[in-house]
Amino acid sequence: MKWKGIRHRAEYIAFRLVVCLLQILTPNQSARLARGLAVVLTDWLPRRLTRYDVARETLQAAFPVQLSQADVRRMIRAMRTRLFGVVAESVRLPRRVQLNRVHEVIRFRNHGLVVRALCSGRPVILLSGHFGNWEMAVAVFGLFGFPMGVVARELDNPHLNRWFRRFRQSTGHVMLAKKGGYDDMLALIGRKGHLAMLGDQDAGGRGLFVDFFGRPASTFKSIALLALEYRALICVGYAYRLPDDPVNQSFPRFELGCEAMIDPDKIESNDPVGEVTRQYTAALQRAIERAPEQYFWVHRRWKSQPAARRSRSSKAA
């Protein structure tokens, strides 16, 4: 326990030093640093240390025909550049993304649909994936006076966990633990509050299998169950980075959009849970297809297999 505490403190100190460095650097310098780190991870370090093969397998599963090996390497390098960019942008976010200047940073798509949903008197589940800058998306809602319960996994390092909790709650949100926080989610949504969560990770053998990029992917049923029981609207949204503006490069620009608004009251199916899950998964895919290099392909999205497929594999063995 003593050594774990020392390690956690060392990790936190290293993280805060990185934060200080990113706050000193200009956006252009941060972007160059992100590209450099992505090249080091992708081209210099051993693949077994960087989960390169996991990202390659996931990309080839999603785009089995379209991508050559050179395309896969380019996509992985771009993905890592974007991930480092998310960190740099999030550190500077409180200074740069302010209500009176948000139009300089954000381009909105279907924002009227989202505002009407949030003002409808019904709970809303803001659903996205590890795509673009998901931290930016949540922060903007807080700036506009729409506080939410943000569902996220608690970090193992308690010092880092407290830092990220303060950061995410700085715009008025409340943090809810992904593991063990289901009762808090029910209480909030039962009061017609709003939830923000990511819904693009493998749900294990007990998940609901729906197609994601043409392959059955285990997907959490809890989102559809919440929406159907509490009449919660599901807003499938995203915030992806736009190409750099050659005139104004003070901060990256993003498109914050609603890809789909799913109303559980309008679902006409003998399997409403499955239909809601299929609709939001398809909407997430459409959002990712706008800029696939900005998606975090390191997740083993197709790790779990349907029971029938597992059975065939075992018989073949």
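Note that the structure is a prediction, hence the values are computed from the model and not measured. Nothing fancy with the numbering, it's 1 onward along the sequence.
- If you chain together hydrophobic residues whose side chains sit under 4.5 Å apart, Val124 and Met185 never meet in one group.
- Classification of the His159-His8 ring pair by plane angle, with boundaries at 30° and 60°, yields perpendicular.
- Note on ring orientation: taking the six-membered ring where Trp is involved, the planes of Phe296 and His130 are tilted (angle from 30° to 60°).
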Carefully, step by step, assess Phe254 and Val105 under the rule side-chain contact (heavy atoms from CB on, under 4.5 Å). CA-CA 6 Å; Phe254 299 83; Val105 179; 4.1 Å; yes
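- No path of Ile, Leu, Val, Met, Phe, Trp and Tyr side chains, each step under 4.5 Å between heavy atoms, connects Val138 with Val102, placing them in separate hydrophobic clusters.
- Between the side chain of His194 and the backbone N or O of Met148 there is no donor-acceptor pair closer than 3.5 Å.
- Using a 4.0 Å cut-off between charged nitrogen and carboxylate oxygen, Arg48 and Asp53 do not count as a salt-bridge pair.
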Walk me through it: do Ser218 and Leu208 pass the test side-chain contact (heavy atoms from CB on, under 4.5 Å)? CA-CA 5 Å; Ser218 178; Leu208 184 64; over 6 Å; no
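- Note on ring orientation: taking the six-membered ring where Trp is involved, the planes of Phe131 and Tyr295 are tilted (angle from 30° to 60°).
- Listed for the Glu275 side chain is no donor-acceptor partner under 3.5 Å among the backbone atoms of Glu268.
- Summarising the geometry of Pro272 relative to Ser269, their closest heavy-atom pair is CD-O, 3.7 Å, with the distance given to 0.1 Å.
- Remark: the backbone N or O of Ile106 is not paired with any side-chain donor or acceptor of Glu255 at under 3.5 angstrom.
- The distance from the CZ atom of Arg116 to the NE2 atom of His111 is 9.0 Å, given to the nearest 0.5 Å.
- When the side chains of ILVMFWY residues are joined at heavy-atom separations under 4.5 Å, either directly or via intervening members, Phe15 and Val91 end up in a single hydrophobic cluster.
- A heavy-atom distance below 4.5 Å is not found between the side chains of Val114 and Phe144.
- The residues Glu154 and Arg165 are annotated as salt-bridged, a charged nitrogen and a carboxylate oxygen being separated by less than 4.0 angstrom.
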side-chain contact (heavy atoms from CB on, under 4.5 Å) for Cys235 and Ile125? Distances and angles first, verdict last. CA-CA 6 Å; Cys235 170; Ile125 298 174; over 6 Å; no
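- Trp297 and Tyr52 have their aromatic ring centers separated by at least 6.0 angstrom.
- Using a 4.5 Å heavy-atom cutoff, the side chains of Leu176 and Leu195 are in contact.
- Checking side-chain atoms of Asp271 against main-chain N and O of Gly274 turns up a donor-acceptor pair under 3.5 Å.
- Lys303 and Gln201 are not linked by any side-chain donor-acceptor pair at a separation below 3.5 angstrom, with hydrogens and angles left out of the test.
- Contact annotation: the side chain of Ile223 approaches that of Met197 to within less than 4.5 Å [non-hydrogen atoms, C-beta and beyond].
- Across Pro264 and Arg122, no two heavy atoms sit closer than the pair CD-NH2, 3.9 Å.
- Tyr280 approaches Gly199 most closely through the heavy-atom pair CE1-O, 4.0 Å.
- When all heavy atoms are compared, the tightest approach of Thr277 to Thr281 is O-OG1, 2.8 Å.
- In summary, Arg101 and Glu104 engage in a salt bridge, as defined by a charged side-chain N under 4.0 Å from a carboxylate O.
- The main-chain N or O of Trp302 is never found under 3.5 Å from a side-chain atom of Arg215 such that the two would form a donor-acceptor pair.
- A distance of 9.0 Å separates CG of Leu118 from CG of Leu233, quoted to the nearest 0.5 Å.
- With respect to the salt-bridge test (charged N to carboxylate O, under 4.0 angstrom), the residues Asp263 and Arg231 do not qualify.
- Side-chain N/O atoms of Arg206 and Ser304 include no donor and acceptor closer than 3.5 Å.
- Under 4.0 Å is where a charged nitrogen must lie from a carboxylate oxygen, and between Arg278 and Asp211 no such pair does.
- The side-chain heavy atoms of Arg241 and Val86, taken from C-beta on, include no pair separated by under 4.5 Å.
- Between Arg77 and Glu293, none of the side-chain N atoms (NZ, or NE/NH1/NH2) sits under 4.0 Å from a carboxylate O, so this pair counts as no salt bridge.
- The minimum heavy-atom distance linking Asp200 with Leu284 is given by the pair CB-CD1, 4.5 Å.
- Interatomic distance, Leu67 CG to Gln60 CD, rounded to the nearest 0.5 Å: 8.0 Å.
- Within the 4.5 Å cutoff, no side-chain heavy atoms of Arg300 are placed close to those of Thr58.
- Closest non-hydrogen pair, Leu127 versus Leu198, comes out as CD1-C, 4.1 Å.
- Surrounding CZ of Arg9 are at most 12 heavy atoms belonging to other residues, nucleotides or ligands under 6.0 Å away.
- Between Phe167 and Trp163, the ring planes are parallel. Angles under 30° get that label, and only those over 60° would be called perpendicular.
- A salt bridge is absent between Lys4 and Asp156: the closest approach of a Lys/Arg side-chain nitrogen to an acidic carboxylate oxygen does not fall below 4.0 angstrom.
- For the pair Tyr230/Leu186, a side-chain contact is recorded, criterion being any heavy-atom separation below 4.5 Å from C-beta on.
- With respect to Glu259 and Arg290, a salt bridge is recorded, a charged nitrogen being found less than 4.0 Å from a carboxylate O.
- A distance-only check finds no donor-acceptor pair linking the side chain of Asn110 to the backbone of Gly257 [under 3.5 Å].
- Under the 3.5 Å distance criterion, with hydrogens and angles disregarded, no donor-acceptor pair is assigned to the side chains of Asn133 and Tyr240.
- Looking only at distances, a side-chain donor or acceptor of Asp71 sits under 3.5 Å from a matching main-chain atom of Ser68.
- Checked by atom type, the side-chain pair Thr219/Arg301 shows a donor-acceptor distance below 3.5 Å.
- The main-chain N or O of Leu226 is never found under 3.5 Å from a side-chain atom of Glu229 such that the two would form a donor-acceptor pair.
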Audit row: Arg80, Thr50, side-chain contact (heavy atoms from CB on, under 4.5 Å) steps and yes/no: CA-CA 10 Å; Arg80 287 171 170 162; Thr50 63; 3.4 Å; yes
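- In this structure, CG on Leu256 lies 8.0 Å from OH on Tyr238, to the nearest 0.5 angstrom.
- A salt bridge links Glu89 with Arg82: the distance from a Lys NZ or Arg NE/NH1/NH2 to an Asp or Glu carboxylate oxygen falls below 4.0 Å.
- Between the side chain of Ser128 and the backbone N or O of Gly237 there is at least one donor-acceptor pair closer than 3.5 Å.
- Side-chain N or O atoms of Arg73 include one that pairs as donor or acceptor with a backbone N or O of Thr42 at under 3.5 Å.
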